[in-house]
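In listed order, ligands and their atoms are each counted from 1. Note that the coordinates shown come from a computational prediction; the quantities given were computed from them, not determined experimentally.
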Amino acid sequence: MPKLYGVIGDPIDHSLSPVMHQKWLRENGYDDHYHAFRVTKDQLEDAVRGLRALGAGGFNVTIPHKTAIIPLLDDIDEEAEVIGAVNTVINENGRLVGTNTDAIGFMKSLEEKGFAPEAGDSVLVIGAGGAARAVCAALAKRAKIRVDLTNRTPEAAERLSARFFNSNESAVWTLEEAEKRLAQYRLIINATPVGMSGFADALPVRTERLTAHTICVDLIYRPLKTRFLEAAEQIGAPALNGLPMLIHQGAAAFQRWLGIWPDTFNMEKYLLENYFQ
Ligand code: NAP
């Protein structure tokens with residue numbers, strides 16, 4: 001019997017997950033179904049009970065439920081524990097187990113382009129919210145790199161830094177302090193929504209001191225080219241948007257449910273041609 005998969009969140013209308021997973025299901029010979037479900041905060045408990053009762057094979061979880069869902073699950077794995085949020089639930093014979101594939105999705109998107117930091121590299125993360133936590137969890141697994149943080153609210157960055165790094169391998173800067181030091185980084189990652197469609201068309205940090213040897217990554221994928229990535233391109237620095245991370249976190253969820261790593265290369269082409277015109 002075909003199984004049910006899905007994503008729960010609010011808002012959910014513009015989620016690319018149904019398109020992505022439905023395509024991967026068909027490509028891999030499954031006649032299962034993946035649906036987007038708008039679930040408000042006060043419906044979360046009922047929705048999880050419903051998905052459990054229906055025997056859903058698994059589901060993704062997005063804003064605003066990534067943390068609130070944790071007590072409703074039977075267990076969470078180490079990755080979700082470390083990040084403090086769940087973006088994927090696996091139904092293991094009736095037990096709902098939460099995991100988080102954002103960190104693996106982020107690192108795979110870098111590795112695919114040859115942008116992953118190596119021993120001796122310095123990295124700057126802008127932001128200290130959920131996405132920054134996943135980025136830090138991924139970076140913390142790489143040996144001998146330095147990860148500095150900056151955020152509008154420096155206290156949040158202090159807490160994030162203390163959670164993942166030793167104080168001798170991570171500094172926390174105000175935005176102004178970070179702006180002066182941009183040239184010292186091999187990799188800069190914008191993990192704030194600054195530059196996203198619907199948000200002020202702004203820069204997360206002023207980029208006057210950016211140089212061409214710094215790889216610039218923005219987790220935003222709408223628009224594909226934020227002002228931050230535009231500034232990087234203008235000076236000849238390598239730039240990467242958030243679409244590959246979105247695809248790879250989805251692929252990692254698909255693998256957890258079905259044991260198959262799906263085709264991410266053609267998925268990027270497909271989404272670009274059909275959903276970003
Ligand atoms: P979040 O938990 O709400 O955190 C937002 C962060 O951005 C906080 O550090 C916040 O600073 C900062 N921020 C928010 N508005 C700001 C502003 N106007 N000026 C300066 N800083 C501001 O959000 P999130 O879940 O981490 O998401 C961040 C971005 O990552 C979003 O654009 C999201 O779409 C993207 N994302 C992409 C993927 C992907 O697969 N590509 C995955 C996850 C997230 P304060 O601490 O001062 O509030």
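The pair Asp10-Lys41 does not count as a salt bridge, with every side-chain nitrogen at least 4.0 angstrom from each carboxylate oxygen. A salt bridge does not link Arg163 with Glu81: every distance from a Lys NZ or Arg NE/NH1/NH2 to an Asp or Glu carboxylate oxygen is 4.0 Å or more. Salt bridge Asp77/Arg256: present, at least one basic N to carboxylate O contact under 4.0 Å. The residues Arg181 and Glu177 are annotated as not salt-bridged, no charged nitrogen and carboxylate oxygen being separated by less than 4.0 angstrom. The pair Arg52-Asp74 meets the salt-bridge criterion, since a charged nitrogen lies less than 4.0 angstrom from a carboxylate oxygen. Salt bridge Arg49/Glu45: present, at least one basic N to carboxylate O contact under 4.0 Å. Under a 4.0 Å N-O distance rule, the pair Arg186/Glu118 does not qualify as a salt bridge.
Summarising the contacts of atom 26 (O) of ligand 1 with Ala202, Ala131, Ala85, the nearest heavy atom is found in Ala131. If you check each of Gly129, Gly127, Pro193 against atom 7 (O) of ligand 1, the one with the closest non-hydrogen atom is Pro193. Within the set Arg133, Glu155, Met196, the minimum heavy-atom distance to atom 34 (O) of ligand 1 is found for Met196. Scanning Leu149, Ile189, Val194, Val135 for the heavy atom closest to atom 20 (C) of ligand 1 points to Val194.
Counting only heavy atoms of the protein, atom 28 (C) of ligand 1 lies nearest to Ala191 O, 3.4 Å. Nearest to atom 42 (C) of ligand 1 among the protein's heavy atoms is Met245 CE, 3.6 Å.
Looking at ligand 1, you'll find an N or O of Asn151 within less than 3.5 Å of one of its N or O atoms. Distances between N or O atoms of Tyr221 and those of ligand 1 include no value under 3.5 Å. For Leu219, a nitrogen or oxygen atom sits less than 3.5 Å from a nitrogen or oxygen atom of ligand 1, counting backbone and side chain alike. Note: no N/O pair closer than 3.5 Å links Leu243 and ligand 1 by distance alone. At least one N or O atom of Arg152 sits closer than 3.5 Å to an N or O atom of ligand 1. At least one N or O atom of Gly130 sits closer than 3.5 Å to an N or O atom of ligand 1.
Cation-pi check for Lys180 over Trp173 is not met; the charged atom does not lie both under 6.0 angstrom from the ring centroid and within 45 degrees of its normal.
For atom 3 (O) of ligand 1, the nearest protein heavy atom lies 4.0 Å away or farther. Protein non-hydrogen atoms do not reach within 4.0 Å of atom 23 (O) of ligand 1.
Under 4.0 Å from ligand 1, not a single heavy atom of Pro204 appears. When non-hydrogen atoms are compared, ligand 1 lies under 4.0 Å from the backbone of Leu246 as well as from its side chain.
The ligand atoms of ligand 1 that sit less than 4.0 angstrom from a heavy atom of Ile220 are 32 (O). Atom numbering of ligand 1 starts at 1 in the shown order; those under 4.0 Å from a heavy atom of Thr153 are 45 (P), 46 (O), 47 (O).
Judged by distance alone, the side chain of Asn91 and the main-chain N or O of Ala56 form a donor-acceptor pair under 3.5 Å. Remark: side-chain polar atoms of Asn100 are paired, donor with acceptor, to backbone N or O of Ala85 under 3.5 angstrom.
Of the candidates Tyr30, Phe59, Trp257, His21 forms a ring pair (Phe, Tyr, Trp, His ring centres under 6.0 Å) with just one, namely Trp257.
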